[in-house]
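First comes the structure, then the notes that go with it.
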Amino acid sequence: YEVDPLTLLNRRRLTDSPDTSGGRLSAMAFRGIEESLDAGQREVLPPATDLARWSLEVDKGRQVWRYLEEGEDVDSKQNPVASAYFTGADISKVLPDLPPPKSIRNSLRNGIQFFSKLQTSDGHWAGDYGGPMFLLPGYTIVMHITKVPIPEATRLEIIRYLSNLQTEEGGWGIHIESLPTVFGTALNYVVMRLLGVARDDPRLSRARDWLEPRGGCLGIPSWGKFWLATLGVFQWEGVHSLFPEMALLPRSFPLHTARMWSYCRTVYMPMSFIYGSRFSGPITKIVEELREELIFEPYHSVDWPKARSFVAPEDLYTPHTWPLEASFAVFNAYEKVAPQWLRSKALDWVYELLRKEDEFTKYIDIGPVNKMINMLCVWVREGQDSSAFREHVARVPDYLWMGHDGLKMNGTNGSQLWDTSFMVQALIESGIKDEFADVFRKAHDYVDVAQIRVDHPDHDTYYRDQTKGGWPFSTRDIGWVVADCTGEGLKAALICRKHNYTRTPLSETRLYDAVNILLLMQNDTGGYATCEKTRGWHFFEWFNASEVFGEIMIDYDYVECTSSALQALCLFREMFPEHRKTEVTSAIKRATDFMMSIQLDDGSWEGMWGICFTYGTWFGVEGLVDAGFPPDHPRLQRACQFLVAVQKQDGGWGETFMSCVERRYVQHPQSQVVNTAWAVLSLLKAEYPDQDVIRRGVLLLIERQQPNGDWVQESISGVFNKNAMISYSNYKNIFPLWAIGRYCDAYPDDAEIVLATSERR
């Protein structure tokens, strides 16, 4: 498993010429490695606005950053501590240094004391959920086309953010730690220009210099082609058919839209509406200039059909299959003869589907990509004065996040329920939970308000499943339940009820509703997917046209979703042993069998939503132990042996995001506190007998703790679809606290022993 860091860093020099080999993929890891190693030294451009005027305002989980008007009292902010912390303002007065921890439990107390002060007024923990570099372009392009003003403070801080994230080579990557891609560079170039950065600005000159030898924007992947055609920089003849008539096929058709993964389906449908309408924004002066700046040949001479399948080697992760190319040949030919009446019928039905998505999610939509395309569709069909368009505009701020490096777009409208549920579980194992009873109460209040209490009207007609009783990833308003979020939310609610940390526990009826959702969402395999049961088959991936994502077409069974559901059902059965006893017991047995079936030969589990094998193994171990597996079970012993085998010399654990990309364990040059915490939690849960192995990991967490009780953000820790990384800024606090607390519970005597000088920070 061990990969020599110097070999990795030197290997980057061998990839000056782009290719599609494993060497190119390996090279992408170095940006993340360098960012991690230089985290404390990398210069961040000075704020473009007055940080004291940024205010994080929340309401039932909704997070909106507001820039206070001149004359508004900056001391009257709703969440002053969180506002200062996340923007990078001086926090020394509100979060001062604490006495150095003399024992392991002191370190735990310092950490909880710090993190509890970041809890928002409605009980959740807000956080940076950015990372992907292809989100702001959709926001900027749609705001530009629809002429919705972007506030000046927002404009300035987006420019600062992109300036901070521009790579040494001059471009932007697919995510914040990747090397440049045409996808990231061309689209973020567009953002900078639309926001007023001049063509001859050195930042944009460097970006063009990087793009030119790669064919300019012509080699951008399919999502990029869509956005550029929507803006008018590309021609629709350069985009493969998105065939909106697919939605008119019978639901029984094996490749029907309804069988797609929810996130894929909700992006494809509005894209197909824009494509089918052949809508492009007005060809203004800036659009004409972008054509000249991003296409390094005469615009009138571009062979647009040839550009459809051209993807730059830097970007290509999932190549086209022959079935996909054959489908494109048929669909592209159909476009020349498509009956207008049939196209209109298809667009009407697609529009009805996406409008129901708007209504069911209160115009937030499942994510920022379909949010902005849906908003554009409404503008095209109903106009800027329609109530639906105004509702869309009002919800745009839900996705914008002001961070220390500027203003970005989050991957959803937050991770509120997810993070809060984990923190409840970390607190209950801390051994000092009674000191933070008010934190528990507020957290439960948020878990309470976040539960989805209704099924959407006619949900099956619009390709949706039941939702009543489930929990979302973020807020109740978003209207999408997720299996693992329902599991974690149910665990948090049960814990607060069991330990009397709330005066208003969830009623038995609401708990039963949650269990009902978990029973309904279990697949025939025994596993759990994300938002729905799996509806399609793996051959759907033959038609993955994204080019940059892996396993995006259908909803798969995941170790994380299965384990969270399994753990929740086990805790529920302990507290309510007679409720649907046979069904709950059967679901636990089937989930356990599935978990065993996907354990890898080396004892690990592959994580699909976090980085990566330490994350997946943590879920695997937690699930099996809660299901009743004893410490000497071979499954648990193999998992522990895997973790011990990849422990680093300093006692910690660390993976780069290339573990997700290449689907093998890739060592990080430095231990990471988040990976270390997951490994420590796993070993403690499995009662691994060698205390020294675990203690060394705990001591590393303590050594990395800051004087005020915080931890520094290290390398990125989240992922989706193999190749896109995403930030979970609260993980660096929640999981070290949880790991240290579990250690104190397992070894209470050691938790109180005064640390040797060499063991302190």
Side-chain angles (χ1 to χ4, degrees), residues 15-25 27-28 31 132-134 136-138 141 166-167 169-175 178-193 204-242 271 275 280 287 289-321 324-325 328-329 332 369 544-550 552 661 721 723-724:
T15 58
D16 293 336
S17 299
D19 59 66
T20 56
S21 68
R24 173 63 200 174
L25 291 177
M28 293 176 65
R31 176 63 55 203
M133 295 300 294
F134 50 85
L136 279 172
I141 289 170
Q166 190 171 21
T167 70
E169 297 83 358
W172 289 271
I174 188 174
H175 57 82
S178 84
L179 292 176
T181 61
V182 174
F183 190 27
T185 303
L187 287 184
N188 286 298
Y189 184 101
V190 168
V191 173
M192 295 282 270
R193 292 289 278 123
L204 299 190
S205 296
R206 291 172 56 218
R208 287 197 305 276
D209 289 344
W210 187 86
L211 279 171
E212 184 172 7
R214 292 161 176 82
C217 70
L218 296 179
I220 199 168
S222 59
W223 282 24
K225 287 179 169 66
F226 168 84
W227 280 121
L228 293 180
T230 300
L231 181 60
V233 174
F234 236 67
Q235 292 292 309
W236 284 114
E237 287 77 10
V239 181
H240 281 299
S241 171
L242 291 172
M271 276 187 172
Y275 174 87
S280 290
V287 172
E289 291 173 351
L290 285 168
R291 287 176 171 181
E292 180 184 347
E293 294 163 31
L294 293 175
I295 298 174
F296 296 89
E297 61 180 276
Y299 193 78
H300 67 273
S301 68
V302 174
D303 185 344
W304 292 109
K306 183 179 178 181
R308 292 171 184 163
S309 292
F310 172 46
V311 182
E314 285 82 359
D315 292 69
L316 189 60
Y317 181 71
T318 302
H320 291 185
T321 62
L324 178 62
E325 288 288 356
F328 279 151
N332 292 334
V369 178
N544 178 355
S546 72
E547 298 150 352
V548 295
F549 305 118
I552 194 175
V661 176
N721 301 115
N723 196 39

Check: Between F183 and V548, which heavy-atom pair has the shortest distance, and what is it?
Finding: CE2-CG2, 4.2 Å
Note to self: I need the S241 OG to F328 CZ distance, nearest 0.5 Å.
What the structure shows: 8.5 Å
Check: Do T230 and Y275 pass the side chain to side chain contact (heavy atoms under 4.5 Å, CB included) test, and can you show the C-alpha distance, the side-chain angles, and the key distance before you say yes or no?
Finding: CA-CA 8 Å; T230 300; Y275 174 87; over 6 Å; no
Next item on the list: Could you tell me whether R206 and E169 make a salt bridge, using a distance below 4.0 angstrom between a side-chain N and a carboxylate O?
Entry: no
Notebook entry, point to check: What pair of heavy atoms forms the shortest contact from F234 to C217, and how long is it?
Noted result: CE1-O, 3.7 Å
Check: Nearest 0.5 Å, what's the CG-CD distance between L294 and E289?
Finding: 11.5 Å
Note to self: Just so I know, are the side chains of L324 and N544 near enough to count as touching, which here means a heavy-atom distance under 4.5 Å?
What the structure shows: no
Checklist line | Side-chain touch S222/V239, heavy atoms, less than 4.5 angstrom | finding: no
Item checked: Any donor-acceptor N/O pair, S280 side chain to L231 backbone, under 3.5 Å -> no
Notebook entry, point to check: When the ring planes of F134 and W223 are compared, do they come out parallel, tilted or perpendicular, using 30° and 60° as the limits?
Noted result: perpendicular
Next item on the list: Would you mind reporting whether E314 and P180 have side-chain heavy atoms less than 4.5 Å apart?
Entry: no
Checklist line | Minimum heavy-atom distance between R214 and V182, given as atom pair plus value | finding: CB-CG2, 4.3 Å
Check: Under a 4.5 Å cut-off applied to non-hydrogen side-chain atoms, are E547 and H320 in contact?
Finding: yes
Check: Heavy-atom distance under 4.5 Å between the side chains of R208 and F296, does that happen here?
Finding: yes
Check: Can you name the closest pair of heavy atoms from R308 and N332 and give their distance?
Finding: NH1-ND2, 3.5 Å
Notebook entry, point to check: How far does CG of N721 sit from OH of Y317, to the nearest 0.5 angstrom?
Noted result: 9.5 Å
Note to self: Are I174 and M133 packed together at the side-chain level, in the sense that at least one heavy-atom pair is separated by less than 4.5 angstrom?
What the structure shows: no
Check: Does G184 offer a backbone N or O that forms a donor-acceptor pair with the side chain of Y189 under 3.5 Å?
Finding: no
Checklist line | Where S178 and G173 come nearest, the two heavy atoms and their spacing | finding: OG-CA, 3.1 Å
Next item on the list: Give the intermediate values and the outcome of side chain to side chain contact (heavy atoms under 4.5 Å, CB included) for residues Q166 and M192.
Entry: CA-CA 11 Å; Q166 190 171 21; M192 295 282 270; 5.8 Å; no
Check: Measuring from D303:CG to E297:CD, what's the distance to the nearest 0.5 Å?
Finding: 8.5 Å
Check: If you measure from CH2 on W172 to OG1 on T167, what distance do you get to the nearest 0.5 Å?
Finding: 8.5 Å
Check: Hey, are the side chains of I220 and D315 touching, using non-hydrogen atoms and a 4.5 Å cut-off?
Finding: no
Next item on the list: Check whether any side-chain heavy atom of L218 lies under 4.5 Å from a side-chain heavy atom of W304, and answer yes or no.
Entry: yes
Next item on the list: Write down the atom of P137, the atom of L187, and the distance for their closest heavy-atom approach.
Entry: CG-CB, 3.5 Å
